[in-house]
Amino acid sequence: MKKLFLVLAFAFVGIFTANAQVWIGGGLGAQINKETTYLTISPEVGYAFNNHWQVAVGAGYTFDKSEWGTANMLSLEPYVRYVATTIGDKFSLFFDLTGDFGLIDQSGWAATLRPGIAWMATEHWTAAFRFGFVGYDHGFYGGDNGFFMNCDLASPQIRLYYNF
């Protein structure tokens, strides 16, 4: 039974990676100063259905230490990406519809729309930059439930991907 499962798993991976439609990657982040230590890691895996639609799931781990205490947060972060247009051979504009679901030391959820631009540096490497977001928070980011918007262009989310 284990051999059959292993063969099926390799066949599944082979089918999805045959046309360079699967990627792995994610992002790292850090903010360290006198008052705050904030570290985050967010690995993800994704699949491109065609030139416009992609789907991915990631996990996020955050360590946050400040004057208010210490928190370890784990979240599930699925998203659907719509690639709106390509600019030449190397750039594309996209919109991510994301969901964030708290798992430990954090409850709640959030749904956001995040615009961005992707740069296909090589055949296998892509960098994606997300700028700001608009969405609904139900206790995920802390604070009150409700709609919110963040247009901070000075601190984009940067993610790197390896395309198979």
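What you see below is based on every heavy atom in this structure, not just the backbone, and it leaves out hydrogens, waters and symmetry mates.
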Tell me the closest heavy-atom pair linking [X] and [Y], and the distance in Å.
X	Y	value
A56	E44	CB-OE2, 4.4 Å
A48	W23	N-CZ3, 3.8 Å
F101	W109	CD2-CB, 3.6 Å
V83	S92	CG1-CB, 3.8 Å

[X] and [Y]: same hydrophobic cluster, using ILVMFWY side-chain contacts below 4.5 Å?
X	Y	result
V22	W125	yes
V45	L97	no
F164	V57	yes
I32	I41	yes
I24	V80	yes

S66-T36 side chain donor-acceptor pair, cut-off 3.5 Å: no
Between N163 and T126, is any side-chain donor less than 3.5 angstrom from a side-chain acceptor? yes
Over 60° means perpendicular and under 30° means parallel, so tell me whether [X] and [Y] are parallel, tilted or perpendicular.
X	Y	result
F91	W119	parallel
H124	Y162	parallel
Y136	H138	parallel

Any heavy-atom pair between the side chains of F95 and P115 that's under 4.5 Å? yes
Any heavy-atom pair between the side chains of I117 and F131 that's under 4.5 Å?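 F131 vs I117: side chains touch.
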From [X] atom [atom1] to [Y] atom [atom2], the distance as rounded to the nearest 0.5 Å:
X	Y	atom1	atom2	answer
F129	Q157	CZ	CD	12.0 Å
T112	D96	OG1	CG	8.0 Å
Y38	T62	OH	OG1	4.5 Å
M120	T86	CE	OG1	7.0 Å

With sequence neighbours excluded, what pairs up with E77 under the salt bridge (Lys or Arg N to Asp or Glu O under 4.0 Å) test?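 Salt bridge (Lys or Arg N to Asp or Glu O under 4.0 Å) check on E77 returns nothing, list empty.
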Checking D64 against T40 for the side-chain contact (heavy atoms from CB on, under 4.5 Å) test, could you report, in this order, the C-alpha distance in whole Å, the side-chain angles of both residues, the deciding distance, and whether it holds? CA-CA 9 Å; D64 189 1; T40 183; over 6 Å; no
What verdict does the side-chain contact (heavy atoms from CB on, under 4.5 Å) test give for Y82 and W53, after you've listed the backbone C-alpha separation in whole Å, the side-chain angles of each residue and the deciding distance to 0.1 Å? CA-CA 5 Å; Y82 177 73; W53 291 101; 3.4 Å; yes
Would you sort out whether F63 and Y61 count as a ring-ring contact (aromatic ring centres under 6.0 Å, His included), showing the intermediate values? CA-CA 7 Å; F63 172 78; Y61 171 74; 7.4 Å; no
Could you tell me whether N50 atom CG has more than 12 heavy atoms of other residues or ligands within 6.0 Å of it?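 Buried by this count: over 12 neighbours within 6.0 Å.
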CG of N51: more than 12 outside heavy atoms within 6.0 angstrom? no
Side-chain donor/acceptor of K90 to backbone N/O of A121, under 3.5 Å: yes
Is the NZ or CZ atom of R130 both under 6.0 Å from the centre of the six-membered ring of Y79 and within 45° of that ring's axis?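 The answer is yes, since R130 meets both limits relative to Y79.
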